Amino acid sequence: PSFFLRKHMELLKRLIWTAVVVLLFGVFAYGGIQIRNIIIANNYITYWQQEQLNEGNFTLVVMGDSISTGVGASSPSKSFVGLIADNIRSTTGRSVRVVNLATPKATFKDILVKQIPKSREQKTDMILISAGRDDINGKSFDLLTLKKLLESLPSVDSYITEIPANYDSQRNKTIEI
C-alpha cells in the first residue's frame, strides 16, 4: 500500500506542478498581449497626432474608441479612417487633414465630455464617430448621453455614427434602445 500511495503522490505532485506552470504561462501570455495592445494603440494615436499637423483644405475630425484610432487594422492608414480619408482625396481632389481625437476604451460619455470640446477647436468639414462597444460591454449604454452627444456636435456636412451589435447575445439583452 505505501508503494502504491507514494506512486500516486508523485503523480499528484507532477500534476500540480504542471498546472502551476501552465497557469503562470497563461498569466504571462495574457500580460504580454495586453502590453502589446497598449503599445499598438499608442503607436496608432501617435500616427494620428502626426497626421493632424498636415495641411489640408478638407478637415476630417474623428471621434470614438480604439476602432477609430485604427486598432485592428494592419496600420492606421489602412483603418476605416485612413480609407475614408483616401476616398475623400481621390473623389474630391482635395487635400485632407485628419484630426483623430479618438482614444481606446472611449464611451459615448467620454466623447461628449472630452472629445467634442476638442473638436470645436477645429475647422471641420466632416465628423466620423465610431463608438459604442465599450458602452455595451460595460453595460453602461445611456440613450440620453447619446442624444446629448448628437445634439452637441458641430453643424457640418456629414456625421457617421455607429452603435455596434455585440456578438454576445446575453449582453445584447441587457441593452434596450
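Fair warning: this is a prediction, and the values are worked out from it, not measured in the lab.
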(request) Kindly compute the distance separating NZ (Lys109) from CG (Leu144), expressed to the nearest 0.5 Å. (result) 11.0 Å
(message) Quick test of your reading: applying salt bridge (charged side-chain N to carboxylate O under 4.0 Å, His left out), list the pairs with at least one residue in residues 67-93, sequence neighbours left out, ordered by first then second residue.
(response) Asp86-Arg89
(request) State the CG-CD distance between Asn100 and Gln50, to the nearest 0.5 angstrom. (result) 13.5 Å
(request) Drop me the distance from Met63's CE to Ile129's CD1, to the nearest 0.5 angstrom. (result) 4.5 Å
(message) Does either side chain, that of Asp110 or that of Thr107, offer a donor lying less than 3.5 Å from an acceptor on the other one?
(response) yes
(request) Could you pull out the closest heavy-atom pair between Ser77 and Tyr47, with the gap in Å? (result) CB-OH, 3.4 Å
(message) List the residues meeting side chain to side chain donor-acceptor pair (under 3.5 Å) with Asn54, not counting sequence neighbours, and say none if there are none.
(response) Glu51
(message) Count I, L, V, M, F, W, Y as connected when their side-chain heavy atoms are under 4.5 Å apart, and connections chain through other members. Are Val113 and Ile116 then in the same cluster?
(response) no
(request) State the CD-OG1 distance between Gln49 and Thr69, to the nearest 0.5 angstrom. (result) 11.0 Å
(message) Which heavy atom of Val96 sits nearest to which heavy atom of Ala85, and what is that distance?
(response) CG2-O, 3.9 Å
(request) List the atom of Val71, the atom of Tyr44, and the distance in Å for their closest heavy-atom pair. (result) N-CD2, 3.6 Å
(request) Give a yes or no on whether Leu150 and Leu112 share a hydrophobic cluster (residues Ile, Leu, Val, Met, Phe, Trp, Tyr; joining criterion: side-chain heavy atoms under 4.5 Å apart). (result) yes
(request) State, yes or no, whether a side-chain contact exists between Phe58 and Thr92 at a heavy-atom distance under 4.5 Å. (result) no
(request) Taking all non-hydrogen atoms of both residues into account, name the closest pair between Ser68 and Ser130 and its distance. (result) OG-O, 3.0 Å
(request) Look only at the side chain of Asp125 and the backbone of Leu60, and say whether a donor-acceptor pair between them is shorter than 3.5 Å. (result) no
(message) According to a hydrophobic-cluster definition based on side-chain heavy atoms being under 4.5 Å apart (Ile, Leu, Val, Met, Phe, Trp, Tyr only), do Ile45 and Leu128 belong together?
(response) no
(message) Could you check whether any side-chain heavy atom of Ser79 comes within less than 4.5 Å of a side-chain heavy atom of Trp48, counting everything from C-beta outward?
(response) yes
(request) Mind listing the closest non-hydrogen atom pair of Glu55 and Ser95 along with its distance? (result) O-OG, 4.3 Å
(message) To the nearest 0.5 Å, what is the distance between CD1 on Ile111 and CG on Asp65?
(response) 6.5 Å
(request) For the residue pair Val61 and Lys118, establish whether any side-chain heavy-atom pair is separated by less than 4.5 Å. (result) no
(message) So, taking the atom named CE in Met126 and the one named CD1 in Ile88, what distance separates them when rounded to the nearest 0.5 Å?
(response) 4.5 Å
(request) Would you list the pairs meeting salt bridge (charged side-chain N to carboxylate O under 4.0 Å, His left out) in which at least one residue belongs to residues 14-29, sequence neighbours left out? (result) Glu10-Arg14
